[in-house]
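Excluded from the calculations below are hydrogen atoms, water molecules and symmetry mates; all remaining heavy atoms, backbone and side chain alike, are included. Letters A, B, ... are given to chains in the order of the sequence lines, protein chains preceding strands, and every chain is numbered from 1.
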Protein chains: 2
Amino acid sequence: MDLRHISFRLLEVFMSVVKMGSISETARRLHLTQPTVSLQIKRLQEAVGEPLLLIQQQKLHVTDAGLELFKTCQQVFGHFEDYQDFLTELNGGSRGRCKIAMVNTAQYILPKLLGPYSNLHPHVELPLEIGNRAEVLDRFERGEDDIYVFSHPPSLEHAQAARFLHNPLEFIVPLNHPLAHVKAVKLTDLMPYRFLLRENGSATRMLFESELQSRGLVLSDSVQMASNEAIRVAVASGLGIAVLSRHVLATDDTSFKVLNVTDAHLASQWYFVMRTDRHISHAARNFLKFAQQHVEQYLDTQWVRNELHKLDLN
Amino acid sequence: MDLRHISFRLLEVFMSVVKMGSISETARRLHLTQPTVSLQIKRLQEAVGEPLLLIQQQKLHVTDAGLELFKTCQQVFGHFEDYQDFLTELNGGSRGRCKIAMVNTAQYILPKLLGPYSNLHPHVELPLEIGNRAEVLDRFERGEDDIYVFSHPPSLEHAQAARFLHNPLEFIVPLNHPLAHVKAVKLTDLMPYRFLLRENGSATRMLFESELQSRGLVLSDSVQMASNEAIRVAVASGLGIAVLSRHVLATDDTSFKVLNVTDAHLASQWYFVMRTDRHISHAARNFLKFAQQHVEQYLDTQWVRNELHKLDLN
DNA sequence: GTTACATATAGATAGTTATCTATGGATTGT
DNA sequence: ACAATCCATAGATAACTATCTATATGTAAC
């Protein structure tokens with residue numbers, strides 16, 4: 001491998017190609033022409049002395065050497081980003097960036113931590129990615145962000161995770177629902193009604209369905225909806241009933257009724273997850289330290305499960 | 001900081017200057033002239049947008065920004081050294097992947113080579129694909145694997161092949177079969193009986209049928225079965241007779257009888273095949289070199305036909 | 001078989017970089 | 001003050017790089 005013939009630009013282009021999985025697509029994104037990108041890759045391969053990408057059936061396939069180089073690049077650019085942060089800090093003001101990817105439901109609680117943190121460090125950029133579990137998992141696999149928020153952490157082979165919040169699920173029904181004024185109901189009582197559910201793979205739905213299955217219950221009718229808001233509004237307007245994270249429900253929202261289901265106490269946990277094989281920005285570590293010290297202060301103490309000390313933040 | 005105007009060479013020179021504490025000294029060490037080094041440093045400082053070195057009283061003083069950059073460089077070069085190590089292992093064939101696709105029958109003999117090889121190189125991944133001839137041929141056409149094992153190699157326009165093992169076929173009958181205790185039989189004697197055959201396109205069946213056709217013989221009855229095991233078991237339980245690769249038969253298996261057919265010595269050869277128009281992993285080349293040197297050692301010498309030297313493995 | 005899309009190759013050009021030689025201006029020690 | 005060092009600047013050049021346009025080639029899909 002001849003480093004002298006490798007420029008950062010070359011690596012940047014290479015990384016983009018790996019991420020996009022396409023030379024043409026990369027060309028478009030970087031405002032280059034396709035031959036330019038092809039040539040860059042070719043040159044990089046020559047400099048490395050090893051094939052990095054194979055083209056088969058019009059699909060790019062990243063070789064082992066290519067994948068390893070990609071990881072190396074992530075680390076290297078990470079270090080330069082840190083250095084950049086150092087420089088801006090040197091010029092006054094703590095800065096940096098902390099990229100967080102979270103699953104949909106987390107967007108209701110994470111801001112309670114992000115807000116105070118952002119006030120404390122106004123120059124830290126906090127780009128947030130919000131997606132369903134599959135999307136976030138995908139980003140996690142590629143190591144695109146500094147921190148991930150999951151309720152069911154993925155394989156921890158190259159990552160560490162720590163719990164910080166209990167996530168109880170509640171059953172809600174329209175105000176005029178037959179069960180709305182029943183003091184105590186059982187899970188089976190709910191089965192005859194139409195359930196509004198998130199898409200398959202959402203953590204809430206997974207949890208609910210595994211509970212049903214383990215108890216041999218089957219829903220008589222269910223409708224899939226794309227977001228928690230949609231479900232909340234739909235329940236309020238009488239379209240059906242639903243199970244939602246308590247954190248999604250404003251405590252003073254009276255447009256629906258929360259049931260007291262005595263024989264089902266569903267709950268998951270929120271985890272902060274960070275990769276151990278990727279460079280984590282200084283700002284991100286800093287945010288996690290902040291979280292470790294202040295979760296009790298900014299989140300409802302009743303639900304806090306602060307295990308963030310488990311994370312190695314150095 | 002503008003990474004695009006920073007090259008690894010620039011950083012290398014910078015690191016040397018910091019280590020030496022002198023521009024002139026660095027110039028001498030790197031076989032450059034002093035102005036060259038001065039200029040490099042100047043350029044780097046411009047790209048970083050921050051002074052890195054101060055000259056005071058004829059002494060170089062490294063600024064904070066400079067020191068931090070130095071640390072960053074150490075990390076970055078460290079990552080590339082790691083990557084270099086990875087590449088070295090990859091090239092030495094002691095790491096990497098060797099994808100092999102083989103036809104069904106080969107699964108009885110190839111492991112005898114793969115086992116010892118895998119012990120020798122535990123970091124090499126060995127994903128195996130086992131399928132019938134059509135499936136393996138399909139993979140071959142698409143170039144999905146590094147090595148293919150065939151008994152009748154396909155068109156060699158974009159591939160090279162070399163024999164390594166003789167594959168004799170045997171006729172087997174149930175223990176209670178009329179022919180079971182006949183000392184010597186002829187092929188025509190077998191025609192009245194029901195034959196259990198692999199699916200159309202299997203190498204064994206192809207070989208057998210072409211032999212029949214060339215001698216104008218026709219089977220009176222045949223049944224198609226999906227696997228060699230199924231056929232073996234079916235023969236043992238008296239369902240019919242069959243022709244199978246000797247390598248499929250355990251020598252100590254007494255649940256059937258092997259016939260002595262005096263006028264038919266059917267045999268095919270096992271070939272390693274590799275495409276010439278596709279990148280073949282170092283690990284794969286390495287495996288073939290290993291095979292070339294050790295087939296006699298790990299396979300029954302009686303059947304070895306080692307022509308692997310024909311392969312161009314560089 | 002035609003169209004659409006992806007990648008590869010060739011040839012051209014403007015711009016950048018690495019490097020040199022020659023020279024000038026500091027600082028230090030004698 | 002002078003020599004010895006050290007670093008900075010200027011000017012020159014060959015080599016290399018990034019990028020383009022135009023075109024060819026190879027799959028996939030209709």
Side-chain angles (χ1 to χ4, degrees), chain A residues 1-48 51-63 66, chain B residues 1-49 51-63 66 138-144 157-159 275-279:
Chain A
M1 183 179 51
D2 187 3
L3 270 187
R4 292 207 201 175
H5 292 155
I6 298 179
S7 69
F8 289 102
R9 176 58 165 169
L10 220 49
L11 297 177
E12 232 170 62
V13 171
F14 169 70
M15 287 188 75
S16 174
V17 171
V18 172
K19 274 194 215 159
M20 299 285 117
S22 148
I23 289 184
S24 303
E25 185 57 28
T26 294
R28 274 175 231 121
R29 293 251 181 161
L30 300 184
H31 307 293
L32 296 171
T33 62
Q34 168 265 315
T36 299
V37 179
S38 285
L39 200 58
Q40 306 273 39
I41 297 297
K42 198 178 165 190
R43 257 218 277 287
L44 184 60
Q45 291 188 142
E46 263 162 33
V48 171
L52 304 170
L53 303 171
L54 299 176
I55 288 100
Q56 286 171 335
Q57 280 85 48
Q58 207 148 352
K59 276 260 171 185
L60 280 189
H61 175 247
V62 185
T63 66
Chain B
M1 185 177 54
D2 186 4
L3 270 188
R4 291 208 204 176
H5 293 154
I6 298 180
S7 69
F8 288 103
R9 174 62 167 167
L10 222 50
L11 296 176
E12 234 169 60
V13 172
F14 169 70
M15 286 187 78
S16 175
V17 171
V18 172
K19 274 192 219 156
M20 299 284 114
S22 151
I23 289 182
S24 302
E25 186 57 27
T26 293
R28 276 178 227 118
R29 293 250 184 163
L30 299 185
H31 307 293
L32 296 172
T33 62
Q34 167 268 313
T36 299
V37 179
S38 286
L39 200 58
Q40 305 274 41
I41 298 297
K42 194 180 170 189
R43 256 218 279 286
L44 184 59
Q45 290 187 142
E46 262 165 32
V48 170
L52 304 171
L53 302 171
L54 299 175
I55 289 107
Q56 284 165 342
Q57 283 84 50
Q58 204 148 352
K59 275 259 169 188
L60 280 189
H61 176 247
V62 185
T63 65
D138 209 50
R139 297 184 68 88
F140 172 77
E141 290 301 338
R142 295 176 175 275
E144 294 193 38
E157 197 181 346
H158 297 290
R275 297 198 65 112
T276 50
D277 59 349
R278 180 195 189 271
H279 173 79

Counting side-chain heavy atoms from C-beta on, which of [options] comes nearest to [X]?
X     : options               : answer
A/L10 : D/dA8, D/dA18, C/dA18 : D/dA18
A/S22 : C/dC20, C/dT7, D/dC7  : C/dT7
B/S38 : D/dC7, C/dT7, D/dT21  : D/dC7
A/R43 : D/dC7, C/dT21, D/dA18 : D/dA18
B/R4  : D/dA8, D/dT21, D/dT19 : D/dT19
B/L60 : D/dC7, D/dT19, C/dA8  : D/dC7

With side chain to side chain contact (heavy atoms under 4.5 Å, CB included) as the criterion, how do A/M20 and A/L60 come out once you've worked through the C-alpha distance, each side chain's angles and the decisive distance to 0.1 Å? CA-CA 10 Å; A/M20 299 285 117; A/L60 280 189; over 6 Å; no

Rounded interatomic separation in angstrom, taking [atom1] from [X] and [atom2] from [N]:
X     : N      : atom1 : atom2 : answer
B/E12 : C/dA18 : CD    : C1'   : 13 Å
B/I41 : C/dT17 : CD1   : C1'   : 15 Å
A/D2  : C/dA18 : CG    : C1'   : 14 Å
B/R9  : D/dT17 : CZ    : P     : 14 Å
A/E46 : C/dA8  : CD    : P     : 13 Å
B/I23 : C/dG25 : CD1   : P     : 19 Å
A/H5  : D/dA18 : NE2   : C1'   : 15 Å
B/I6  : C/dA18 : CD1   : P     : 12 Å

Ignoring backbone atoms, establish whether [X] has a side-chain N or O less than 4.0 Å from OP1 or OP2 of [N].
X     : N      : answer
A/S7  : D/dC16 : no
B/S24 : D/dC7  : yes
A/K42 : C/dT7  : no
B/Q40 : C/dA18 : yes
A/R28 : C/dA6  : yes
A/T36 : D/dA18 : no

Can you tell me if A/E12 uses its side chain to pair, donor with acceptor, with the backbone of A/S7 under 3.5 Å? no

Output yes when a side-chain donor or acceptor of B/Q45 lies under 3.5 Å from a complementary backbone atom of B/L53, and no otherwise. yes

How is A/L32 classified with respect to the nucleic acid when contacts are heavy atoms under 4.0 Å: base, sugar-phosphate, or nothing? sugar-phosphate

Could you pull out the closest heavy-atom pair between B/D2 and B/I6, with the gap in Å?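 Nearest heavy atoms, B/D2 then B/I6: O-CG1, 3.6 Å.
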
Minimum heavy-atom distance A/F8-B/L11, with the two atoms named: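 Reported closest heavy-atom pair: CZ-CD1, 4.1 Å.
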
Any N/O donor-acceptor pair, A/Q34 side-chain to C/dA8 base, under 3.5 Å: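 Checked by distance alone, the answer is yes.
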
With rounding to the nearest 0.5 angstrom, report the CG to CD distance, B/L32 to B/Q34. 11.0 Å

